[in-house]
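A quick write-up on the structure given underneath.
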Amino acid sequence: MKNGEGTMTTKYIKWTPEGGFDAGELSQAARTIREGGLVAFPTETVYGLGGNGLRPEASKKIYAAKGRPSDNPLILHIAEKEQLGRIARGVSEKAERLAEAFWPGPLTMIFEKAAVVPYETTGGLDTVAVRMPGHRGAIEFLKEAGVPVAAPSANTSGRPSPTRAAHVREDLDGVIDMVIDGGDVGIGFESTILDMTESVPVILRPGAVTKQMLADVIGEVVMDPALMSVGSGKPKAPGMKYRHYAPDAEMIVFRGEMEAVAERIRKQVRSYVRDGRYQADEIGILAAEETAGSYAEGQVVSAGSRRDGTVGKMIYGALRKFDELHVKMILSESFYELEQQEAIMNRLLKAAGQRTIDV
């Protein structure tokens with residue numbers, strides 16, 4: 001357990017694609033949410049830390065459990081499109097088309113909030129972020145809860161997001177009421193966030209639903225210019241202001257052509273060892289499966305394959321693996337050639353605090 005502050009007994013229950021939930025356990029999880037407790041649950045993106053999004057004290061508990069700044073907005077998760085009109089105002093025809101195309105799925109949309117949504121949930125903003133997850137277990141849980149569920153990623157704030165229940169246990173065991181173990185998630189990084197309150201919708205966080213996919217449905221969409229940096233001021237969406245997804249060690253992302261990056265990382269490792277700055281086993285290398293075998297020194301962790309698109313799914317687990325290895329410096333390859341490059345590189349650059357070397 002990373003935070004070391006657990007004082008309660010966390011109950012673990014299971015959901016499987018074949019058997020679903022035990023009815024009694026599902027009822028208990030839903031009741032815990034309605035009564036203001038916290039339940040971590042799987043989605044197709046990452047595990048979420050759920051609380052009753054309409055109860056201010058529940059949102060306060062989420063911030064406290066994560067150690068999350070209270071100006072960092074939470075996303076409300078719903079089970080049915082009909083719930084959107086109760087928590088959001090000014091839902092446009094474009095938003096309805098996007099919901100038809102991508103819900104359930106990894107798309108979060110930002111609207112003006114309805115009065116029923118407390119400011120504790122929105123980070124003090126007059127807007128609310130909403131999504132309908134594309135995970136059968138999550139939908140079943142949300143339907144049973146019967147309320148919009150506020151749920152950031154189920155990890156200690158700033159840490160790599162959890163893609164399996166074991167990651168939630170590492171960070172939040174003894175701190176929250178329940179964890180629904182649904183196995184490994186399908187996508188492995190958070191949803192796309194699209195601000196629908198602007199005249200031209202703005203992507204505030206890239207994800208599996210890409211800019212082109214959105215534009216194919218509604219026309220012009222723009223990327224927020226601050227996406228690849230750590231912002232300042234009041235964040236309008238999760239992950240915009242603070243360092244996120246970060247392992248314990250320092251981290252540098254090397255940007256450039258794949259073979260040139262691999263050669264530059266090899267030289268960097270040799271330089272660190274020769275100068276006595278680090279021992280070889282204190283250096284981690286985050287590499288694609290295709291190039292992982294080319295590193296003779298350092299502790300290499302595969303980020304997945306460039307060919308089959310598993311890089312996104314494995315990235316957070318790989319970053320957590322470096323904590324287990326107790327490395328002091330991580331040298332990471334870049335992945336700009338992938339279909340979901342904006343999402344993957346946004347996470348890596350946030351994890352590295354924007355520290356990069358161009359090759």
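Source: prediction; values computed, not measured.
- A salt bridge is absent between Lys321 and Glu170; no separation between the charged side-chain nitrogens and carboxylate oxygens falls under 4.0 Å.
- Asp184 places no side-chain N or O within 3.5 Å of a backbone atom of Arg164 that could act as its donor or acceptor partner.
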Please list, one pair per line, the donor and acceptor atoms closer than 3.5 Å that link side chains of residues 27-37 to other protein atoms, with sequence neighbours excluded.
from: Thr32; atom 1: OG1; to: Gln28; atom 2: O; distance (Å): 2.8
from: Arg34; atom 1: NH1; to: Glu144; atom 2: O; distance (Å): 2.9
from: Arg34; atom 1: NH1; to: Ala145; atom 2: O; distance (Å): 3.4

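- Ion pair Arg131/Glu44 flagged as a salt bridge, since at least one NZ, NE, NH1 or NH2 atom sits closer than 4.0 Å to an Asp/Glu carboxylate oxygen.
- By the 6.0 Å contact criterion, NZ on Lys14 is open, its count of non-hydrogen atoms from other residues, nucleotides or ligands being 12 or less.
- No side-chain donor from either of Arg205 and Thr108 sits under 3.5 Å from a side-chain acceptor of the other.
- No side-chain donor-acceptor contact under 3.5 Å links Glu342 and Asn346.
- Below 30°, between 30° and 60°, or above 60°: for His77 and Phe41 the angle between ring planes is above 60°, a perpendicular geometry.
- Note: Arg347 CZ to Gln340 CD = 10.0 Å, rounded to the nearest 0.5 Å.
- No donor-acceptor pair closer than 3.5 Å links the side chain of Ser153 to the backbone N or O of Asn155.
- Here the CZ atom belonging to Arg264 is positioned 15.0 Å from the CD atom belonging to Glu257, to the nearest 0.5 angstrom.
- When the shell of 6.0 Å around NZ of Lys81 is examined, it contains more than 12 heavy atoms from other residues, nucleotides or ligands.
- Judged purely by distance below 3.5 Å, without hydrogens or angles, the side chains of Tyr272 and Glu297 never pair a donor atom with an acceptor atom.
- The closest donor-acceptor contact from the side chain of Thr192 to the backbone of Gly207 lies under 3.5 Å.
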In a table with atom names and distances, give each donor-acceptor pair under 3.5 Å that connects a side chain of residues 301-312 to protein atoms at least two apart or in another chain.
from: Ser302; atom 1: OG; to: Gly304; atom 2: N; distance (Å): 3.1
from: Ser305; atom 1: OG; to: Glu290; atom 2: OE2; distance (Å): 2.5
from: Ser305; atom 1: OG; to: Arg307; atom 2: N; distance (Å): 3.0
from: Ser305; atom 1: OG; to: Asp308; atom 2: N; distance (Å): 3.3
from: Arg306; atom 1: NH1; to: Ser334; atom 2: O; distance (Å): 3.2
from: Arg306; atom 1: NH1; to: Glu337; atom 2: OE1; distance (Å): 3.1
from: Arg306; atom 1: NH1; to: Glu337; atom 2: OE2; distance (Å): 2.4
from: Arg306; atom 1: NH2; to: Glu333; atom 2: OE1; distance (Å): 3.0
from: Arg306; atom 1: NH2; to: Ser334; atom 2: O; distance (Å): 3.2
from: Asp308; atom 1: OD1; to: Thr310; atom 2: N; distance (Å): 3.1
from: Asp308; atom 1: OD1; to: Thr310; atom 2: OG1; distance (Å): 2.9
from: Thr310; atom 1: OG1; to: Ser305; atom 2: N; distance (Å): 2.7

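- Checked by atom type and distance alone, the side chain of Thr10 pairs as donor or acceptor with a backbone atom of Gly174 at under 3.5 Å.
- Counting only distance, with no hydrogens or angles, the side chain of Asp323 and the backbone of Pro247 share no donor-acceptor pair below 3.5 Å.
- Thr163 contributes no side-chain N or O that, together with a main-chain N or O of Val185, makes up a donor-acceptor pair within less than 3.5 Å.
- Taking NZ of Lys350 as the reference point, atom CE of Met345 lies at 13.0 Å (rounded to 0.5 Å).
- Side chain of Thr121 to main chain of Ser59: no donor-acceptor pair is present (N/O by atom type, distance under 3.5 Å, no hydrogens or angles).
- Contact check on Glu93 versus Arg97 returns a salt bridge, with a Lys/Arg side-chain nitrogen under 4.0 Å from an Asp/Glu carboxylate oxygen.
- Residues Leu98 and Leu214 come closest through the heavy atom pair CD2-CD2, 3.8 Å.
- Met329 CE to Glu250 CD: the interatomic distance, rounded to the nearest 0.5 Å, is 4.0 Å.
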Practice problem: Start with the C-alpha gap between Arg136 and Glu140, add the side-chain angles, then the distance that decides, and say whether side-chain contact (heavy atoms from CB on, under 4.5 Å) holds. | Solution: CA-CA 6 Å; Arg136 287 193 291 120; Glu140 192 174 348; over 6 Å; no

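- Hydrophobic clustering keeps Ile252 apart from Ile330 (ILVMFWY residues linked when any side-chain heavy atoms are closer than 4.5 Å, directly or through intermediates).
- In this structure a side-chain-to-backbone donor-acceptor pair under 3.5 Å is present from Tyr63 to Asn72.
- Counting only distance, with no hydrogens or angles, the side chain of Gln341 and the backbone of Phe335 share no donor-acceptor pair below 3.5 Å.
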What side-chain donor-acceptor pairs closer than 3.5 Å can you find for residues 82-89, not counting sequence neighbours?
from: Gln83; atom 1: OE1; to: Ala79; atom 2: N; distance (Å): 2.7
from: Gln83; atom 1: OE1; to: Glu80; atom 2: N; distance (Å): 3.0
from: Arg89; atom 1: NE; to: Lys113; atom 2: O; distance (Å): 3.2

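- Using modelled atom types, one side-chain atom of Arg68 and one backbone atom of Pro73 make a donor-acceptor pair closer than 3.5 Å.
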